[in-house]
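The first residue of the sequence shown is numbered 1, and numbering continues consecutively from there.
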Amino acid sequence: MKNVIYHIICLISFIGLTDAVNAQSFKQIYPEFVQNGISLKSATVGGLSSPQFSEVDLNKDGIQDLYIYDKIGQIGLTFINGGTPNTVDYQFAPEYLVNFPKLSQWVILRDYNGDGIADIFAYSSIPGIAGIEVYTGYYDENDKIAFRQNNLSGGDFNILYYPGNSGFNNLYVSNVDYPAIDDIDGDGDLDIVTFNLAGGIVELYENQSIERGFSRDSLLFTLVDRCWGKFYESGIAKEVDLSSNPDECALNLRGSEPRSGLHAGSTILTIDLDNDGDKEVVLGDISFTNLNLVINGGTAENAFMTAQDVAFPSNDVEVDIPLFPAAFSLDVDNDGLKDMLVSPNLANDIGETYESVWYYKNTGSNEIPVFELQQKDLFVEDMIDYGTGAQPVFVDYNQDGLQDLVVGNKSFFVPGGNRNARVYLYENIGTATNPKFELKNDDLFNLNVFSQNSWRFTPTFGDLDDDGDLDALIGEEFGNLFYAENIAGEGKPFEFSAAIFAYQDIDVGQSSRPQIVDMNKDGLLDLVIGERNGNLNYFENTGTAQNPIFSADPTNNFFGKVDARGDNQVTGYSAPIILQMDGMYQLFVGNEAGQMYSYDNLEENLTGTFNQTSTNYGNIQVGEEIHPAFADLNKDGILEVAIGNSRGGISFFETDLKEQTTSTTIVEEIATFTIAPNPTYKTLIIQWEIPEEPSHIRIIGANGQVMLQQPFSKEIAIGNLAKGIYVLEIATAAGKLTKKFVKR
């Protein structure tokens, strides 16, 4: 017998996760991305689809910065203006967004009280109430802009009201429209111009705070003109109907009533284009791709529209944005002149999703502006933007030891209602501690040919045929799966055979979002699939490691009783990610509302209810329909997370999920043990010399997953294990002993 010695055993160097869940906000990070040889300036901002633009001094330095509210995803974005003259010079600065309230549908920043600080006018956050909320801006102790909601009187809700014939009425603005909040009558305070409830005619709500002897912050509105400008927008023609009488609405000339039902949708920009002191109107309509300039031949006090330009700006390239353009006036390039930005105002993905910011530079003056088109993808050109939807997953695609990124999208905009869906491959060309991603393939698996009938591609990877390399499953819009076999072989850069549709006839309804994981830890890979309804579907593998068999119907279609629908939502778009944490599974689920739920107590409760540990893990706010992917990108032992969103972009964050570092324990080793054969194929033989046998053993995979746990035995069947490297862990009374082995 050998002498008694103390031996320091390295227990496990593979991944395990601790410190699972807390409520802290995660820090956003910005890995470098390269496309077509160009490093993208704002790669991971998250994309733009239906942006609305407002100037605001975010940091009290006297320079107008930029606030963007994107209607798709219902998310705000803040950018600091570097102030370089004659230059578009903005840097993404999400730290300023924390002081903004949660807003929806439309947002306009204007200084209504004259204190030099931008305030917020926004659509009502009260469900079912179409109106205007107001927030007053101020600077906090760190000179960051912040807002407090105004207490507005006149009715039952905290929104703007105006006096009517029988009390106060709600100042109506549709959630579809974009109104004008501007000094229309030239008296120094802000008025409101918006379409009425039925649509077709525009109403002027005059701010009479000053006229009534109050300060500008009183916000006392009166409906002074029920047909401002005297024009009528039918919604069935690009032209508006103009009146020949400055005292009579054009509606009367038509001999008909306003369009039936609620107003379909229009956008309004008021701007003095001819330096005569009154405001012209630039109109966008939900039915058309153009902007219509309606020229004011009246006065500031009595608007009367007398001419129009349906190809505005007709001096240059006319706007042609499918569909529903909205125009915004701001100094984009720091030359002191107000330029024009134009973007779609849709809250869905049937309009333009990439060339979504048309930048017209003002080459004239502020008194007589002249707009000339510079580009159609301002800001977007510097971002990763996949149109709508982004479903990322990390995998070492080229087998170089670095995590690459594979991303599926829902679709790019295609005229005529067609689709352009793809899967993208970004190889990590950086280092182990500094990731850098370069686009290598913009149609991985060649799925674009299917995208007229199948889209919203959601990829994941796992060794489904037990040949040592990772195969691919790709979810899609109608609940089925594509399967692509990796034929490269173990340790080689991935190479896939042609993708096959309708893998094992699995259909979860709509928007399948698969994960491959040995859920019941029987050595066979199972499937967990999220879907549009927000539940999770569990498919148990009843075949073998080499030939998995899944029923077309899920083993459990309400797995863990997970319901990813947010408050007041009928759909959830559950996007599950299952990680191994301290030998136990943890579940993370992205949802349509933009939250990430987290759960534990999975293995012991496969037929019951998982324990929910967070409803907003990491307090990540990047928009709606989020899809997470985790990896340690800089080898610091802490996982990062990439979050795809409905705008078609990706954001990256540090998390608090820690890799378990190599730990030690002191064991009184009376004798050594060996494994034979090693490498092995079907059976693991343990040669153990200590008279008293250990209590149990565990086999742990390279990702920290416990593949097998059982009472100690000197002969262990491992035929169901996939090829790869494993750790055999033997528990003794004094501690744990481990050895690596290879499964062929």
Centroid-to-centroid, [X] to [Y], below 6.0 Å?
| X | Y | value |
| --- | --- | --- |
| Tyr538 | Phe559 | yes |
| Phe630 | Phe588 | yes |
| Phe478 | Trp455 | yes |

Answer yes or no: is there a side-chain heavy-atom contact under 4.5 Å between [X] and [Y]?
| X | Y | result |
| --- | --- | --- |
| Thr388 | Lys410 | yes |
| Ser356 | Val380 | yes |
| Ile384 | Leu40 | yes |
| Leu481 | Ile529 | yes |
| Leu444 | Val406 | yes |
| Asp465 | Asn486 | no |
| Asp404 | Asn398 | yes |
| Ile697 | Gln710 | yes |

Short side-chain to backbone donor-acceptor contact, [X] and [Y], under 3.5 Å:
| X | Y | result |
| --- | --- | --- |
| Asp385 | Gly649 | no |
| Asn611 | Asp600 | no |
| Asn645 | Ile626 | no |
| Asn420 | Val414 | no |
| Gln586 | Ile578 | no |
| Glu495 | Ile487 | no |
| Asn601 | Asn605 | no |
| Asn428 | Pro435 | no |
| Asp632 | Lys635 | yes |
| Ser598 | Ser614 | yes |

Can you tell me how far [atom2] of [Y] sits from [atom1] of [X], rounded to the nearest 0.5 angstrom?
| X | Y | atom1 | atom2 | result |
| --- | --- | --- | --- | --- |
| Glu540 | Asp522 | CD | CG | 6.5 Å |
| Glu490 | Asp463 | CD | CG | 8.5 Å |
| Gln580 | Ile700 | CD | CD1 | 8.5 Å |
| Phe550 | Asn537 | CZ | CG | 13.0 Å |
| Glu625 | Ile643 | CD | CD1 | 13.0 Å |
| Ser651 | Ile29 | OG | CD1 | 10.5 Å |

Smallest separation among heavy atoms of [X] and [Y], with atom names:
| X | Y | answer |
| --- | --- | --- |
| Phe461 | Ala472 | CE2-CB, 3.8 Å |
| Ser49 | Ile72 | CB-CD1, 3.7 Å |
| Val589 | Ser574 | CG1-CB, 3.8 Å |
| Thr544 | Leu524 | C-CD2, 3.6 Å |
| Ala390 | Gly648 | CB-C, 4.1 Å |
| Phe496 | Ala484 | CD2-O, 3.4 Å |

Should the ring pair Phe610 and Tyr599 be called parallel, tilted or perpendicular, given that the plane angle runs from 0 to 90° and is split at 30 and 60?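 The rings of Phe610 and Tyr599 stand perpendicular, inter-plane angle above 60°.
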Indicate the ring-plane relationship of Tyr617 and Phe26, choosing parallel, tilted or perpendicular according to the 30° and 60° boundaries. perpendicular
Let me see the working for Ile577 and Gln515 under side-chain contact (heavy atoms from CB on, under 4.5 Å), right down to the final yes or no. CA-CA 7 Å; Ile577 299 293; Gln515 282 285 286; 3.7 Å; yes
Under the criterion salt bridge (charged side-chain N to carboxylate O under 4.0 Å, His left out), I'd like the reasoning laid out for Lys27 against Glu640: C-alpha separation, chi angles, the key distance, then a yes or no. CA-CA 10 Å; Lys27 178 183 177 182; Glu640 284 71 47; over 6 Å; no
For Phe33 and Tyr426, run ring-ring contact (aromatic ring centres under 6.0 Å, His included): C-alpha distance rounded to whole Å, both residues' side-chain angles, the deciding distance at 0.1 Å, then the answer. CA-CA 9 Å; Phe33 276 76; Tyr426 289 85; 5.3 Å; yes
Evaluation steps, side-chain hydrogen bond (donor to acceptor under 3.5 Å, both in side chains), between Asn535 and Asp563: CA-CA 5 Å; Asn535 57 296; Asp563 185 350; over 6 Å; no
Under the ring-ring contact (aromatic ring centres under 6.0 Å, His included) criterion, do Tyr503 and Tyr483 qualify, and how do the steps go? CA-CA 6 Å; Tyr503 176 68; Tyr483 169 66; 5.1 Å; yes
Should the pair Glu438-Lys436 be classified as a salt bridge under the 4.0 Å nitrogen-to-oxygen rule? no
Evaluate ring-ring contact (aromatic ring centres under 6.0 Å, His included) for Phe482 paired with Phe450, printing each intermediate quantity in order. CA-CA 11 Å; Phe482 288 88; Phe450 295 95; 5.0 Å; yes
Stepwise, does the side-chain contact (heavy atoms from CB on, under 4.5 Å) test hold for Val508 with Phe539? CA-CA 11 Å; Val508 297; Phe539 292 81; 3.9 Å; yes
Would you check, one step at a time, whether the test side-chain hydrogen bond (donor to acceptor under 3.5 Å, both in side chains) holds for Gln74 with Tyr69? CA-CA 7 Å; Gln74 305 287 305; Tyr69 180 80; 2.8 Å; yes
Answer with yes or no whether the side chains of Ser454 and Glu476 bring together a donor and an acceptor at under 3.5 Å.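 Short answer, yes.
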Run Ile650 and Val407 through side-chain contact (heavy atoms from CB on, under 4.5 Å) and show every step you take. CA-CA 9 Å; Ile650 297 180; Val407 185; 3.6 Å; yes
Count the heavy atoms belonging to other residues, nucleotides or ligands that lie under 6.0 Å from CD of Glu604, then report whether that count exceeds 12.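 Incorrect, the count does not exceed 12.
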Which residue, Arg532, Glu592, Gln510, forms the side-chain hydrogen bond (donor to acceptor under 3.5 Å, both in side chains) with Thr571?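 One option only clears the test, and that one is Glu592.
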side-chain hydrogen bond (donor to acceptor under 3.5 Å, both in side chains) assessment of Tyr386 paired with Asp442: CA-CA 10 Å; Tyr386 306 103; Asp442 65 357; over 6 Å; no
Before giving the answer on side-chain hydrogen bond (donor to acceptor under 3.5 Å, both in side chains), spell out for Thr458 and Arg456 the whole-Å C-alpha distance, their side-chain angles and the decisive distance to 0.1 Å. CA-CA 6 Å; Thr458 305; Arg456 203 194 297 265; over 6 Å; no
Does Lys521 count as lying over the ring of Tyr585, i.e. NZ or CZ under 6.0 Å from the six-ring centre, within 45 degrees of the axis? yes
